[in-house]
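Scope of the values below: all heavy atoms of this structure, side chains included, with no hydrogens, waters or symmetry mates. Proteins get letters first, then strands, A, B, ... in listed order; numbering begins at 1 in each.
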Amino acid sequence: MKFAKSYEPGDYESDIYAAWEASGIFSPSVPTYPVDADADGIDDRLEKSCSTYSIVMPPPNANGNLHIGHGLTVALEDSLTRYYRLRGKSTWYIPGADHAGFETWVVYEKELEKHGHTRFEYSRDELYAKVWDFVAQQRGNMELQLRALGASCAWSDLTFTLDENVIDRVYTTFEKMWNDGLIYRGEKLVNFCPKHRTAFADIEVEHKDEKGTLWDIEYKITENPEGALPRSIFDDGSNTERPSPVTTGARERSEKDVSLDSLIVSTTRPETLFGDTAVAVNPDDKRYKDLIGKHVKLPLTDRTIPIIADEHADPEYGTGAVKITPAHDYDDFEVGERHNLPRIQVIAEDGTMINVPEKYNGLTTTECRKQVLKDLKEQGLLKSEKKIEHSVAHCYKCGTVLEPMLKEQWFIDVQKLAKVAIEHLENGEIKFYPENKQKVLIDYLKNLKDWNISRQIPWGIAIPMFKKITPEATDEPDWIFDRRTNLTEIEKAGVKYVRDEDTFDTWFSSSHWPIVCTDWTEDNYNPYYPLNVMETGADILFAWVARMIMMGLYVTGEVPFQEVYLHGLVLDAHGKKMSKSKGNVINPMDLVAKYGSDAFRLGILRGRSAGMNQAFNENSVISGRNLCNKLWNISRLVQSIVDDADGTKSAAIEGHKDKISDFAAEGAERSDIINRLSLREAPETRAFCATTNNMGEDWICREINDCLEQLEQDMQNYRFAEAVEVLYQTIWDKYADWFLESQKLYQNVDLLKQTLETLLIALHPFAPFVTEAIWQNLSWTDGFIATEKWPEKLKFDPITAEQFETIRTIVVEIRSTLQALPGTNNDKKYNLLYDNDGLVNQHELLIKQLTKVPAINSLNGSPRGLRLALANHELYLDVPEQVVKAYKDSLTDKILSVGRELDALNLRMTNPNYIEKAPEHLVKETKDQIEEKQALISRLKTQLEII
RNA sequence: GGGCGGUUAGCUCAGCUGGCUAGAGCGCGUCUUUGACGUAGACGAGGUCAGAGGUUCAACUCCUCUAUCGCCCACCA
């Protein structure tokens, strides 16, 4: 016996994967080739491209472990890949590994700290080499885990984000952008993490609402032409707390033509006042009209700064006067640009104060804030404070408050790229699942600001730019592009340049992912680019998908993929986000070990739809495991039938054949022969009956065809959960519960084989291991199921199929009626009586098989027993009168409930508008239903009367 | 402040362009050792589809509003 008795996924999964991998079936068969490969001047790309299917894996961290989101990713991507492979495409599922620039750097920096070192002890090149070794040591886990999940990817084509070809491509793009003027070096404010000492792109910043304080500080006006007594706008003699600026009182006061000798500014960051280079008021604000152009003395310093007019100042907010700190605030930076204000950096990269009076120098921002507030208070300049809630930028990794920091960085003038992307998106060149993400993405691109691509961490791709350090070479540009980033210093035409020490934002290189994975080049025709689909998390729509589209268009002129499928977050069983701190993280590998890889895949796809964050329940994995077990046992049963038919018992069959012809010679009816042979006794009787052909054969063919059709639709529309659902139901509820149960009576061996094969292939994309294991165990199959042909539709007779459907209805009613009758099962041995019913007569054995009624006889004489109502066949269960009476109540209930349904239908028909406006077929349907229900009620009533 | 999504059975979710008695898995109840499967089989209970209004012959489905949960974006000093 080849088939193990029980389904044990752990026993075969890794062997199966190894066999697949060794056979090379995961590699694509269609090559890339130079455009016009045969040099006949004719572009022959079309015929090739229609037979390919390509998809790239969002690269998991090279030295990490897979989490549940990766599990979902693989389940989705590999199902697609396997499906299209079975459909005959040359599939290329390209795996990747991410150097995960910042993530890995953070881990490594901690490692350094643990050993008592800091990054500042080493040069960038040394650090790069160290992290490289660190990653190499840790690497490999996730690749094993991808195999355990069954990812049918082309391992020989694995792309690491720091591979030569990636760096080459990224440099080529950068050079092109530099030459096209899309890249500039600018001193701008960037989001800077003082702990990690690096800048971030806007997209990487995490905004959190926090409680903070808004302080009001008095800035004295230094020029006082009228020589009036010092007065503050809100200081009307009482010299207590200032009234709220939004009260009418304040307004009225402000309308008065008073001369002021100080301005009150509101700030949440008093320590930055040392960097103030102006105070701004709104040009339309009448209160301050006369002050514009005057100066105020900056508290705690000797400096004076101008009062300027700028729209940025909102008259409704605070006092309407705002301090301007161009070096440490985004808005202020822009105000500064408009008014040509100096930028004074007062916070250093390590988060301490610089360029401030000696007293504050070297303090951290927090210490400095305390000190400033204390000093202001002493001088009577701190007027009030108020608790507010505002949004604060944090480092997404360590949670440190990000400091807007003035830095020289490389920026991409992104609007030019975005504009092209928007055009193609609006053209509908990329189809999104879920659909609404297209619009969301376009909106994002429209408002995108220039992209800072410089990072101050060593673990990444070096920026290939060098700065001139030969000052006398005045005609030479300050910065030049050069690929020799392995050198810290280069010389060109006698001019010396020094390397920029920064590395690229990983999203800059990642945005080339479809290009580099498929080995796209300018002069090669590549039938795998654009990708058929980009599947990734909805959370990186902006960070990644948007950038891949822009970069794909910029580099290749084409969108990088035709469709985008975005999956949502996998939440815990209660719909909460998984996190280490909450302790609710589910490790996919634990589930694989416990229930098998297939069970995990089926489970995670269940109940999931595009773009939605959805809870994950272990029960769905259990249900997947149960399906695998079911399929395993279905296959064992079919195999045992095939074994029987294959002649191991042929001698016995021969023996029986004599008997059979004897019976036949006696003129016995077929049913009689079957009875006399006593069914179930030995396999040879089944051989005799194998000629009969309505034991659900046509019906199951019809159901499987419907299943395939729906499955194909679902795959095309990325409805994975529905695809799994329809397979589940067809295999379990239809194939096992009805077809196989019926085939226990007579077997159509060829059809059993064919239908089982069909279902195995159809399920293979979702449950690759169990289907392959079964395939390898079946006696009549060969090769891998993974490379089988997608099944053809099955032929069937619709009338016979429908007959079986009717029998099902009858069987279900017999079962439920018996169940509802009082007594134990042993008491319920009632015969079925029929009156003049060809269908029941013909399928007597089948009905007996499925209902376990002891006998089915023709009703001779007047009706007796319990009439079955639903099936609309004249059928009676031969139940004694006293038992029937006990069933009376349930019969009455039934009449009432059918009556309610009838009322609803009648109501519909009494509405003239319905008859007039609803489609004809619906009206007819309603009419038919009314007739049916009426007939049913009258049957039930007759039944009741009999009792 | 702007935008997006959810609210359907005890739990997790389907229900695609409006039209059969609103479905599934898990859980629950009763029964069943029947040529594979108790990780099973049979039968069943369980829903005023968040609320209100509107459009329509017809609304879980479309529109408006409300409540509530969640996500994303944004420069409120």
A:D733 and A:Y728: side-chain donor and acceptor closer than 3.5 Å?
no

Pick base, sugar-phosphate or nothing for A:A721, based on heavy-atom distances below 4.0 Å to the nucleic acid.
nothing

Classify A:K449 by what it touches in the nucleic acid, base, sugar-phosphate, or nothing, heavy-atom distance under 4.0 Å.
sugar-phosphate

Taking the minimum atom-to-atom distance to the side chain of A:R719, which one of B:rC57, B:rC16, B:rA40 wins?
B:rC16

Heavy atoms within less than 4.0 Å of RNA chain B: which residues of residues 905-917 of chain A have one? Give them sorted by number.
A:R908, A:N911, A:N913, A:Y914, A:K917

For A:S609, answer base if it contacts any base atom (sugar-phosphate contacts may also be present), sugar-phosphate if it contacts only those atoms, and nothing otherwise; contact means non-hydrogen atoms under 4.0 Å.
sugar-phosphate

Using atom P in both nucleotides, what's the gap between B:rC49 and B:rC62 to the nearest angstrom?
16 Å

Between B:rG41, B:rG44, B:rA77, which nucleotide has the shortest distance from any of its atoms to the side chain of A:D737?
B:rG41

Could you tell me which residues satisfy ring-ring contact (aromatic ring centres under 6.0 Å, His included) with A:Y433, sequence neighbours excluded, listed by chain and number?
A:Y718

Tell me: CH2 of A:W738 to P of B:rG41, nearest whole Å?
13 Å

Inter-nucleotide P distance (B:rC69, B:rC57), Å rounded
38 Å

Taking atom P in both B:rU68 and B:rG29, what distance in whole Å separates the two?
37 Å

For A:K924, check salt bridge (Lys or Arg N to Asp or Glu O under 4.0 Å) against everything at least two apart and list the hits.
A:D928

Separation of atom CG in A:D310 from atom P in B:rC75, rounded to whole Å
17 Å

Over all strands shown, is A:R815 touching base, sugar-phosphate only, or nothing at heavy-atom distances under 4.0 angstrom?
sugar-phosphate

A:L907 side chain near A:M909 side chain, heavy-atom distance below 4.5 Å
no

Among the nucleotides B:rC43, B:rA36, B:rC20, which one has an atom lying closest to any side-chain atom of A:L637?
B:rA36

Check side-chain hydrogen bond (donor to acceptor under 3.5 Å, both in side chains) between A:K734 and all other residues, then give those that pass, not counting sequence neighbours.
A:E703

Rounded off to whole Å, could you give me the CG-to-C1' distance for the A:L566 and B:rC71 pair?
14 Å

So what does A:P434 hit on the nucleic acid, given a heavy-atom distance under 4.0 Å: a base, only sugar-phosphate, or nothing?
nothing

Between B:rC37, B:rC72, B:rU39, spot the one nearest the side chain of A:R636, thanks.
B:rC37

Remember a base hit wins even if backbone is also touched, and classify A:Q713 as base, sugar-phosphate or nothing at under 4.0 Å, heavy atoms.
nothing

Any side-chain donor paired with an acceptor under 3.5 Å for A:K386 and A:S266?
no

Integer angstrom distance from the C1' of B:rU17 to that of B:rC13:
22 Å

Under 4.0 Å from any atom of RNA chain B, heavy atoms only: list the residues of residues 330-338 of chain A that qualify, in numerical order.
A:D331

Residues that A:F739 engages under ring-ring contact (aromatic ring centres under 6.0 Å, His included), provided they are two or more places apart
A:Y735

Using the test ring-ring contact (aromatic ring centres under 6.0 Å, His included), find all partners of A:F432 that sit at least two apart in sequence or belong to another chain.
none

C1' atoms of B:rC76 and B:rG1, separation to the nearest Å:
9 Å

Among B:rG19, B:rA36, B:rC75, the one nearest any side-chain atom of A:E741 is B:rA36

Could you write nucleotides 23-29 of chain B as a row of B, S and -, 5' to 3', where a protein heavy atom under 4.0 Å of any base atom gives B, of only sugar-phosphate atoms gives S, and otherwise -?
-SSS---

B:rU56 to B:rG18 separation - P atoms, rounded to the nearest Å:
16 Å

Sub-3.5 Å donor-acceptor pair from the side chain of A:E813 to the main-chain atoms of A:T809, do we have one?
no

Between the side-chain atoms of A:K852 and the base atoms of B:rA42, is any donor-acceptor pair under 3.5 Å?
no

Determine the contact category for A:A820: base if any of its heavy atoms lies under 4.0 Å from a base atom, sugar-phosphate if only primed atoms, P, OP1 or OP2 are that close, otherwise nothing.
nothing

Validate the cation-pi geometry between A:R625 and A:Y7: distance from NZ or CZ to the six-membered ring centre under 6.0 Å, angle to the ring axis within 45°.
no

Determine the Euclidean distance between corresponding P atoms of B:rC20 and B:rU61; express it in Å to zero decimal places.
13 Å

Base-paired stretches in RNA chain B with three or more consecutive Watson-Crick or G-U pairs, both distances under 3.5 Å, amount to B:1-7 with B:67-73, B:10-13 with B:23-26, B:28-32 with B:40-44, B:50-54 with B:62-66

Select base, sugar-phosphate, or nothing to describe what A:L214 touches, counting heavy atoms under 4.0 Å on all strands.
sugar-phosphate

Below 4.5 Å, heavy atoms only, C-beta onward: do A:D216 and A:V265 meet side chain to side chain?
no

Ignoring backbone atoms, test whether A:H312 places a side-chain nitrogen or oxygen under 4.0 Å from the OP1 or OP2 oxygen of B:rC75.
no

Return the OG to CG distance between A:S816 and A:L868, rounded to the nearest 0.5 Å.
8.5 Å

Can you sort out the partners of A:E805 under salt bridge (Lys or Arg N to Asp or Glu O under 4.0 Å), two or more places apart, ordered by chain and number?
A:R702, A:R808

Can you give me the N/O atom pairs linking the protein to nucleotides 2-4 of chain B at distances under 3.5 Å, or say none if there are none?
unit_1, atom_1, unit_2, atom_2, d
B:rC4, O3', A:N436, ND2, 3.4
B:rC4, O2', A:N436, ND2, 3.3

Can you find a side-chain donor-acceptor pair between A:D443 and A:N447 that sits under 3.5 Å?
no

Residues that A:R269 engages under salt bridge (Lys or Arg N to Asp or Glu O under 4.0 Å), provided they are two or more places apart:
A:E271, A:E403

Say we look at B:rG41 and B:rA50: how far apart would their C1' atoms be, to the nearest angstrom?
39 Å

For A:N282 and B:rA77, give me the distance from atom CG to atom C1', rounded to whole Å.
13 Å

Atom-to-atom span, NZ of A:K577 to P of B:rC71 - whole angstrom:
7 Å

To the nearest Å, give me how far apart CZ (A:F542) and P (B:rC71) are.
16 Å

So does A:D202 pair up with A:K449, basic N to acidic O under 4.0 Å?
no

Side chain of A:M612 only, please: which of B:rU12, B:rA14, B:rA74 is the nearest?
B:rA14

